[in-house]
2 protein chains.
Amino acid sequence: MDTSVICPRFEAAISILSQRWTGLIIYQLLSGPQRFSQLTEVIGISGRLLSERLKNLEAQGLVSRTVYPETPVRIEYELTEKGRSLKPVMDEIQSWSQEWIEAPVQPN
Amino acid sequence: MDTSVICPRFEAAISILSQRWTGLIIYQLLSGPQRFSQLTEVIGISGRLLSERLKNLEAQGLVSRTVYPETPVRIEYELTEKGRSLKPVMDEIQSWSQEWIEAPVQPN
DNA sequence: AAAATATGTTACATAAAGTAACTAACTAAA
DNA sequence: TTTAGTTAGTTACTTTATGTAACATATTTT
């Protein structure tokens with residue numbers, strides 16, 4: 001007897017964003033293509049989870065992976081069009097946070 | 001040597017939204033005050049977690065809890081101003097999902 | 001007193017995330 | 001030609017979060 005149900009597209013969208021780290025990864029990639037090690041450092045995520053998340057994001061068509069066979073090898077992760085189209089969402093979260101989140105607390 | 005760090009306010013905001021269920025709870029409450037049992041049914045979350053999430057949201061000032069001592073007792077959860085101010089975020093996620101999420105798949 | 005209703009809570013099983021050490025492929029230096 | 005350095009991961013293991021189902025509390029109706 002569930003007459004009212006949440007829109008399945010919205011639910012799918014929020015299930016992407018509500019997975020830990022994916023929002024930050026997308027936000028960070030909005031500033032341009034980046035390498036694995038840079039993402040781990042800036043975001044503060046472990047290699048294990050970053051690897052897992054990037055695979056998922058690639059599978060969902062939000063991120064692309066490019067190998068540059070230099071030495072040492074360089075691999076860059078970049079948002080696809082679908083990924084970049086999340087910018088307005090991130091912008092809204094950003095501006096909400098500016099208005100409603102308190103004094104930037106000291107990170108440990 | 002982490003020169004570039006993600007904005008701590010943004011990080012705080014996304015840590016709210018990236019917790020499982022909170023996005024859906026806020027989205028659902030945007031349509032008006034609702035009771036515990038209604039939220040469990042519409043969202044498909046267990047009582048145990050809904051209880052936990054509502055407590056967190058209340059502690060963060062996003063949701064308020066009102067007891068109506070009728071019979072049987074009625075308790076309503078409602079967004080605060082801070083909670084309602086997330087509407088633009090939800091609207092952006094909604095419109096992104098309409099454009100980029102595929103055919104609404106059959107829920108089991 | 002028993003059953004019904006609403007709002008939770010407790011106890012326990014399963015899944016996801018965190019941590020740290022390790023691997024693969026390559027190069028440059030000793 | 002071993003040794004060490006670099007990047008991009010993976011494996012094994014511990015800790016935390018989530019899911020499930022039965023139970024608790026308060027109140028009213030039968």
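This is a predicted model, so every value here is computed, not measured. Here is how names work: the chains are called A, B, and so on, in the same order as the sequence lines, proteins then strands, and each is numbered from 1.
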For B:Glu76 and for A:Gly47, locate the closest nucleotide of DNA chain C by heavy-atom distance; then report the residue assigned to the nucleotide nearer the 5' terminus. B:Glu76
Whole-Å distance between D:dT20 P and B:Glu52 CD? 15 Å
Under a 3.5 Å distance rule, please check whether B:Gln34 uses its side chain to pair with a backbone N or O of B:Gly32 as donor and acceptor. yes
Strand contacts (DNA chain C) in residues 57-67 of chain B, 4.0 angstrom heavy-atom criterion: B:Arg65
Strictly below 4.0 Å: does A:Lys55 bring a side-chain N or O up to OP1 or OP2 of D:dT10? yes
Ion pair A:Glu11/A:Arg9, N-O distance below 4.0 Å: no
Rounded to whole angstrom units, what separation is found between the OH atom of B:Tyr68 and the P atom of D:dT28? 19 Å
Residue pairs passing the side-chain hydrogen bond (donor to acceptor under 3.5 Å, both in side chains) test where at least one lies in residues 56-68 of chain A, sequence neighbours excluded: A:Arg65-A:Tyr77
Using a heavy-atom cut-off of 4.0 Å across all strands, would you classify A:Ser46 as base, sugar-phosphate, or nothing? base
Heavy atoms of chain B, cut-off under 4.0 Å: which first and last nucleotide of DNA chain C, 5' to 3', fall inside that, if you could look? C:dA6 to C:dA11
Using a cut-off of under 3.5 Å, enumerate the N/O to N/O pairs linking the protein to nucleotides 11-15 of chain D.
none

Protein-nucleotide distance (A:Arg53, atom CZ; D:dG9, atom P), rounded to Å: 16 Å
Protein-nucleotide distance (B:Arg74, atom CZ; D:dT27, atom P), rounded to Å: 17 Å
In this structure, how many angstroms lie between the C1' atom of D:dT6 and the CD1 atom of A:Ile75, rounded? 12 Å
Please give, in whole Å, the distance from D:dT25 P to B:Phe36 CZ? 17 Å
Atom CG of A:Leu49 and atom P of D:dG9 are separated, to the nearest Å, by 14 Å
If you take any heavy atom closer than 4.0 Å to DNA chain D, which residues from residues 12-20 of chain A end up in contact? none
Mind checking ring pair (Phe, Tyr, Trp, His ring centres under 6.0 Å) for A:Phe10 and listing every partner two or more places apart, or none if nothing turns up? B:Tyr27
Which residue lies more 5' along DNA chain C, comparing A:Glu70 with A:Ile45 via nearest heavy atoms: A:Ile45
